[in-house]
J.: 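Structure in structure tokens, see below.
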Amino acid sequence: MRRSLPVDAAPPVARAYESTRCDVCGSGERDEELLLCDGCDRGRHTFCLRPIAARVPTGPWFCPPCAPRSKPVKRFPMTQTKIVDFFRIQKGAEDAEAEKCGLFQDVKKRRKRSLVMHKKRRRILPYVPTEDKVQRLKQMASLATAMTSSKMKFSNELTYIPGMAGRSCNQATLEEGGMQILPKEDKETIELCRTMQKRGECPPLLVVFDSREGFTVQADADIKDMTFIAEYTGDVDFLENRANDDGDSIMTLLLTEDPSKRLVICPDKRGNISRFINGINNHTLDGKKKKNIKCVRYDIDGESHVLLVACRDIACGEKLYYDYNGYEHEYPTHHFV
């Protein structure tokens with residue numbers, strides 16, 4: 001046990017935090033974003049860390065030299081059985097295959113509509129999975145690697161956990177100002193993509209590790225404008241319960257007039273590839289030019305859902321970025337890449 005100090009002991013000497021500077025940039029400015037190491041008392045800005053810290057963490061923090069060594073990222077085994085178990089892929093769904101073919105025919109018909117109709121309202125397109133099964137296995141293994149390293153479980157749907165917000169709380173009609181309803185044609189496209197994902201036909205995306213941005217997602221094939229990428233999934237919780245959360249990927253789900261009923265998606269324990277798509281620095285023109293994904297909330301069957309859709313053509317090898325701030329400007333992005 002640690003012994004207490006004698007009654008007549010001298011008071012502890014205060015540490016000169018006022019003179020602390022960032023070990024990386026050498027500046028003592030922006031002290032509200034300057035982290036002090038609990039091991040060596042040296043400072044580092046949140047935006048000077050690699051990967052960048054989204055916010056000041058609560059609790060103890062250690063700089064890279066003092067932090068315990070993290071284990072290197074261990075690649076998920078590229079074994080068919082392992083992948084099937086991890087993503088809970090369904091086998092032998094012949095009815096689903098027939099339904100998929102029918103939906104594909106419907107999508108082709110919609111693409112042949114006149115240019116006037118196309119300009120009036122653009123339709124969401126289904127993603128085109130990679131035909132090469134080995135490469136598709138590599139894509140899924142890259143996502144499984146990132147999720148395993150982040151101690152996450154795969155879920156392609158919103159999850160409602162006891163003690164958090166219940167499903168009955170997710171009512172799109174409560175959205176302040178109203179929420180747009182997903183049109184029937186787009187809903188069929190989303191259902192088609194969900195069917196493909198259950199069969200192991202994933203979007204052509206790779207999750208890679210970047211020393212500056214951490215895990216990030218890049219296109220593994222050319223992706224057309226308005227292509228559905230993924231639904232943002234995770235545990236649904238009340239925003240007020242996450243006021244002091246250190247998570248860097250909390251997503252707005254429902255903005256109600258009553259602050260106590262506002263909902264967010266938290267993909268820290270469960271989620272999908274959307275967890276690793278990075279937000280852009282929307283405070284600069286160069287940052288905005290990187291944006292190739294838009295984040296849209298829709299009313300689907302009375303519930304709010306967050307969809308990620310390509311907002312321009314994306315070339316193979318290009319990293320995916322979306323406006324994490326959205327229109328509510330609740331999350332800081334001025335230090336994002």
J.: Which distance, rounded to the nearest 0.5 Å, do you find between the CD of Gln80 and the CE of Met140?
T.: 6.5 Å
J.: To the nearest 0.5 angstrom, please state how far the CG atom of Leu254 sits from the OG1 atom of Thr173.
T.: 8.5 Å
J.: Would you call Asp220-Lys138 a salt bridge at under 4.0 Å N-O?
T.: no
J.: For the residue pair Phe228 and Leu307, what are the closest heavy atoms and their distance?
T.: CE1-CD2, 3.9 Å
J.: State, to 0.1 Å, how close Lys153 and Met147 come at their nearest heavy-atom pair, and which atoms those are.
T.: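 Heavy atoms of Lys153 and Met147 come nearest at O-CE, 3.3 Å.
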J.: Take Val208 and Thr216, measure what side-chain contact (heavy atoms from CB on, under 4.5 Å) needs, and give me the verdict at the end.
T.: CA-CA 6 Å; Val208 296; Thr216 184; 3.6 Å; yes
J.: Mark yes when over 12 heavy atoms from residues, nucleotides or ligands other than Gln135 sit less than 6.0 Å from its CD; otherwise mark no.
T.: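 Yes.
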J.: Hey, what do you get for CD1 (Ile265) to NE2 (His305), rounding to the nearest 0.5 Å?
T.: 9.0 Å
J.: Less than 4.5 Å apart, side chain to side chain, heavy atoms only: is that true for Trp61 and Cys63?
T.: yes
J.: Kindly give the heavy-atom pair with the smallest separation between Pro126 and Cys193, and that separation in Å.
T.: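 So the minimum-distance heavy-atom pair works out to CA-SG, 3.7 Å.
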J.: Please examine the side chains of Glu231 and Arg194, heavy atoms only from C-beta on, and report whether any two atoms are closer than 4.5 Å.
T.: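 A side-chain contact under 4.5 Å exists here.
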J.: Within a 6.0 Å radius of atom CD on Glu157, are there more than 12 heavy atoms belonging to other residues, nucleotides or ligands?
T.: no
J.: Look at the side-chain heavy atoms of Ile, Leu, Val, Met, Phe, Trp and Tyr, link any pair under 4.5 Å apart, and say whether Ile181 and Ile190 land in one connected group.
T.: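 No; Ile190 is not reachable from Ile181 via cluster members.
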J.: Is there a side-chain contact between Ser274 and Met251, using heavy atoms and a 4.5 Å cut-off?
T.: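 A side-chain contact is absent here, since even the closest heavy-atom pair is not under 4.5 Å.
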J.: Write out all pairs satisfying ring pair (Phe, Tyr, Trp, His ring centres under 6.0 Å) with one or both partners inside residues 159-188, taking only residues at least two apart or from two chains.
T.: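 For residues 159-188: none.
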J.: For side-chain contact (heavy atoms from CB on, under 4.5 Å), just list the numbers for Asn156 and Lys198, CA-CA rounded to whole Å, side-chain angles, deciding distance to a tenth of an Å, and then say yes or no.
T.: CA-CA 9 Å; Asn156 239 355; Lys198 290 178 180 178; over 6 Å; no
J.: Taking Leu263 as the starting point, is it possible to reach Met164 by hopping between hydrophobic residues whose side chains are less than 4.5 Å apart?
T.: no
J.: Between Ser155 and Gly271, is there a donor-acceptor pair closer than 3.5 Å when you use the side chain of the first and the backbone of the second?
T.: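 Between the backbone of Gly271 and the side chain of Ser155 there is no qualifying donor-acceptor contact (under 3.5 Å).
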J.: If you round to the nearest 0.5 Å, how far is OH of Tyr127 from OG1 of Thr189?
T.: 12.0 Å
J.: Look up atom NZ in Lys319 and atom CD1 in Ile314, then write down how far apart they are to the nearest 0.5 Å.
T.: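 Output value for this atom pair is 14.0 Å.
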J.: Are more than 12 heavy atoms, taken from residues, nucleotides or ligands other than Lys82, located less than 6.0 Å from that residue's NZ atom?
T.: no
J.: Quick check: are there more than 12 heavy atoms from other residues, nucleotides or ligands sitting under 6.0 Å from CD of Glu32?
T.: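 For Glu32, atom CD is crowded (more than 12 foreign heavy atoms under 6.0 Å).
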J.: Are a donor atom and an acceptor atom from the side chains of Ser260 and Asp258 found within less than 3.5 Å of each other?
T.: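 Side-chain D/A pair, Ser260 to Asp258: present.
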J.: Whether the side chain of Ser142 engages the backbone of Leu206 through a donor-acceptor N/O pair (distance < 3.5 Å, no angle test) should be reported.
T.: no
J.: Hey, are the side chains of Gln180 and Val296 touching, using non-hydrogen atoms and a 4.5 Å cut-off?
T.: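 They are in contact (side-chain heavy atoms under 4.5 Å apart), so the answer is yes.
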J.: Looking at His45 and Glu29, would you say the former's side chain and the latter's main chain have a donor-acceptor pair under 3.5 Å?
T.: yes
J.: Which atom pair, heavy atoms only, marks the closest approach of Cys295 to Tyr322?
T.: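 Closest approach of Cys295 to Tyr322: CB-CD1, 4.0 Å.
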J.: May I ask you to test the Thr148-Lys74 pair for a side-chain heavy-atom distance under 4.5 Å?
T.: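 Side-chain contact under 4.5 Å: no.
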J.: Verify the distance criterion only: is there a donor paired with an acceptor across the side chains of Arg297 and Ser304 at less than 3.5 Å?
T.: no
J.: Looking only at non-hydrogen atoms, find the nearest pair between Cys22 and Arg44 and report the distance.
T.: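 Heavy atoms only, the tightest pair is SG-CA, 3.8 Å.
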J.: Taking atom CZ of Arg312 as the centre, report whether more than 12 heavy atoms of other residues, nucleotides or ligands fall under 6.0 Å from it.
T.: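 Counting other residues, nucleotides and ligands, CZ of Arg312 exceeds 12 neighbours.
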J.: Heavy-atom distance under 4.5 Å between the side chains of Asn272 and Gln197, does that happen here?
T.: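 Counting from C-beta outward, Asn272 and Gln197 never come under 4.5 Å.
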J.: Do you know the tightest heavy-atom contact between Asp41 and Leu36?
T.: O-CD2, 4.0 Å
J.: Pick one: which of Leu205, Ile293, Asn292 meets side chain to side chain contact (heavy atoms under 4.5 Å, CB included) with Ile223?
T.: Leu205
J.: Quick check on the hydrophobic clustering: are Phe238 and Ile161 connected, directly or via other members, by side-chain heavy-atom contacts under 4.5 Å?
T.: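 Different hydrophobic clusters.
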J.: Counting distance only, does the side-chain N/O of Arg262 pair as donor-acceptor with the main-chain N or O of Leu255 below 3.5 Å?
T.: no
J.: Got a sec, which residues hit side-chain contact (heavy atoms from CB on, under 4.5 Å) with Thr81, two or more places apart in sequence or on another chain?
T.: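 If we apply the side-chain contact (heavy atoms from CB on, under 4.5 Å) test to Thr81, skipping adjacent residues, the hits are Thr79.
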J.: Would you check, one step at a time, whether the test side-chain contact (heavy atoms from CB on, under 4.5 Å) holds for Asp313 with Asp222?
T.: CA-CA 8 Å; Asp313 290 343; Asp222 292 342; over 6 Å; no
J.: Could you tell me whether the side chain of Leu253 reaches within less than 4.5 Å of the side chain of Leu158, counting heavy atoms only?
T.: yes
J.: Rounded to the nearest 0.5 Å, how far apart are CD1 of Ile277 and CD1 of Ile229?
T.: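 If I round to the nearest 0.5 Å, the distance is 6.5 Å.
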J.: Let's go through Phe276 and Ser150 carefully: what are the C-alpha distance in whole Å and the side-chain angles of both, what is the deciding distance for side-chain contact (heavy atoms from CB on, under 4.5 Å) to 0.1 Å, and is it a yes or a no?
T.: CA-CA 10 Å; Phe276 303 103; Ser150 304; 3.7 Å; yes
J.: Under 4.5 Å between any side-chain heavy atoms of Pro259 and Glu240, yes or no?
T.: no
J.: Less than 3.5 Å apart, any donor N or O on the side chain of Gln139 or Thr130 sitting next to an acceptor on the other?
T.: yes
